[in-house]
Amino acid sequence: MIVWLNGTHGAGKTTTGALVQRLIPDSRVFDAEKVGETLMDIKPGLPATGNFQHWPPWRPLVVETARHILDYTGGTLVMPMTVLVEQYWREISSGLAQHDIPVRHFVLHADQDTLRARIAGDTILGPNSPFRLQYLEPYAEAARTWLHAEAEVVETTHLTPAQAAQRIAEAVKIAAAALAEGIAEPSAGG
């Protein structure tokens, strides 16, 4: 199974993902950004796009990497990764479904003021990261048009990462138990 943690940059996906991994037995964190970093290392470089997700190889490489990891290790992959382009999410989720890999798709959501405050206090990329700020409006648009309908939204405005991780892990454990009993069908997209 894959537990995909979506949401805008600065929403807490990486922090929450590490905490979720500790709460779900036999799970690992796979950061699909590393696939993008590998593509960015190709010399001479691939055509400039401003975002590695726009490179067509990125999406199927994420699917194949996740599939091979799961084939090798079993268990659950926790994948903290922002995907705001609906077509890209469809490519990834349908690719995983073709390999019969169930996906629990969560969106870590906070209101814009909270997101801006978190980005302003960011100690990793630095305060007011232009990179993170530039994705606030695309995230809001994706949330309005498709993303929140496609995933389980975890409202994090007033939650700590540990509380968000606990909610996600509990939802995953309940769904896994239902699947084991044959009560529910696995979800390939959300």
Side-chain angles (χ1 to χ4, degrees), residues 1-37 53 59 62-84 88-89 92-93 95-97 99-111 114-115 117-119 121-125 132 135 139 142-143 147-181 183-190:
M1 170 186 286
I2 290 175
V3 176
W4 195 289
L5 304 181
N6 207 337
T8 193
H9 301 278
K13 297 178 304 300
T14 301
T15 301
T16 303
L19 296 168
V20 167
Q21 184 275 321
R22 292 182 199 139
L23 296 170
I24 298 175
D26 195 25
S27 66
R28 291 167 176 74
V29 174
F30 167 44
D31 184 350
E33 188 167 320
K34 301 301 182 191
V35 174
E37 290 173 6
Q53 291 187 16
R59 281 110 43 210
V62 167
V63 170
E64 287 303 310
T65 304
R67 177 179 73 88
H68 285 288
I69 293 168
L70 287 171
D71 284 350
Y72 181 62
T73 64
T76 299
L77 285 183
V78 178
M79 295 182 63
M81 186 72 216
T82 299
V83 177
L84 301 180
Y88 299 173
W89 176 252
I92 292 167
S93 61
L96 293 168
H99 296 292
D100 296 322
I101 300 171
V103 177
R104 290 298 299 266
H105 185 195
F106 295 91
V107 172
L108 302 183
H109 176 79
D111 63 51
T114 300
L115 288 169
R118 289 177 184 170
I119 292 169
D122 187 338
T123 58
I124 297 169
L125 290 181
R132 288 184 170 180
Y135 285 97
Y139 167 74
L147 184 57
H148 283 197
E150 196 63 34
E152 298 171 62
V153 178
V154 179
E155 173 57 61
T156 67
T157 300
H158 302 291
L159 294 180
T160 66
Q163 291 169 323
Q166 187 65 44
R167 287 186 186 186
I168 291 164
E170 287 172 8
V172 169
K173 287 175 185 176
I174 290 168
L179 278 173
E181 294 178 19
I183 297 171
E185 292 294 318
S187 171

Under the side-chain contact (heavy atoms from CB on, under 4.5 Å) rule, what do Phe106 and Arg167 come out as? Steps first, then yes or no, please.
CA-CA 11 Å; Phe106 295 91; Arg167 287 186 186 186; over 6 Å; no
In plain terms, say whether Asp122 and Arg118 are close enough for a salt bridge, that is, a side-chain N and a carboxylate O under 4.0 Å apart.
no
Less than 4.0 Å between a side-chain N and a carboxylate O, is that true for Glu170 and Lys173?
no
Going through the checks in order, is the side-chain contact (heavy atoms from CB on, under 4.5 Å) test met by Val35 and Phe30?
CA-CA 10 Å; Val35 174; Phe30 167 44; 3.9 Å; yes
Look up atom CZ in Arg104 and atom CE in Met1, then write down how far apart they are to the nearest 0.5 Å.
6.5 Å
Got a second to check how far Gln21's CD is from Asp26's CG, nearest 0.5 Å?
10.0 Å
With a 4.5 Å limit on heavy-atom distance, are the side chains of Val103 and Ile92 in contact?
no
Can you name the closest pair of heavy atoms from Leu115 and Ala11 and give their distance?
CD2-CA, 4.0 Å
Apply the side-chain contact (heavy atoms from CB on, under 4.5 Å) test between Lys13 and each candidate in Val107, Thr8, Thr82; give the one that qualifies.
Thr82
If you look at every heavy atom in Val29 and Pro80, which pair is closest and at what distance?
CG1-CD, 3.9 Å
For the atom pair OG1 (Thr76) and CD1 (Ile101), what is the distance rounded to the nearest 0.5 Å?
11.5 Å
Does Thr157 use its side chain to pair, donor to acceptor, with the backbone of Asp111 at less than 3.5 Å?
yes
In Å and rounded to the nearest 0.5 Å, what is the CG to CG distance from Leu77 to Leu70?
4.0 Å
Might you work through the side chain to side chain donor-acceptor pair (under 3.5 Å) test for Glu64 and His99, ending with a clear yes or no?
CA-CA 9 Å; Glu64 287 303 310; His99 296 292; 3.1 Å; yes
Closest non-hydrogen atom pair between Ala32 and Val62, with its separation:
CB-CG2, 3.8 Å
Test log, rule ring pair (Phe, Tyr, Trp, His ring centres under 6.0 Å), inputs Tyr139 and His9:
CA-CA 9 Å; Tyr139 167 74; His9 301 278; 9.9 Å; no
Measuring from atom CG of Leu96 to atom CH2 of Trp4, what distance do you get when rounded to the nearest 0.5 angstrom?
7.0 Å
If the test is side-chain contact (heavy atoms from CB on, under 4.5 Å), which one of Val20, Leu23, Thr16 qualifies with Gln166?
Leu23
If you compare all heavy atoms of Gln53 against all heavy atoms of Arg59, which two are closest, and at what distance to 0.1 Å?
O-NH1, 2.5 Å
Between CZ on residue Arg28 and OH on residue Tyr72, distance to nearest 0.5 Å:
9.0 Å
Which atom names give the shortest non-hydrogen contact between Ile2 and Met79, and what distance separates them?
CG2-SD, 3.7 Å
Determine whether Leu19 and Ile168 make a side-chain contact, defined as any pair of heavy atoms from C-beta on separated by less than 4.5 Å.
no
Of the non-hydrogen atoms in Asn6 and Leu84, which two are nearest, and what is the gap between them?
OD1-CD2, 4.5 Å
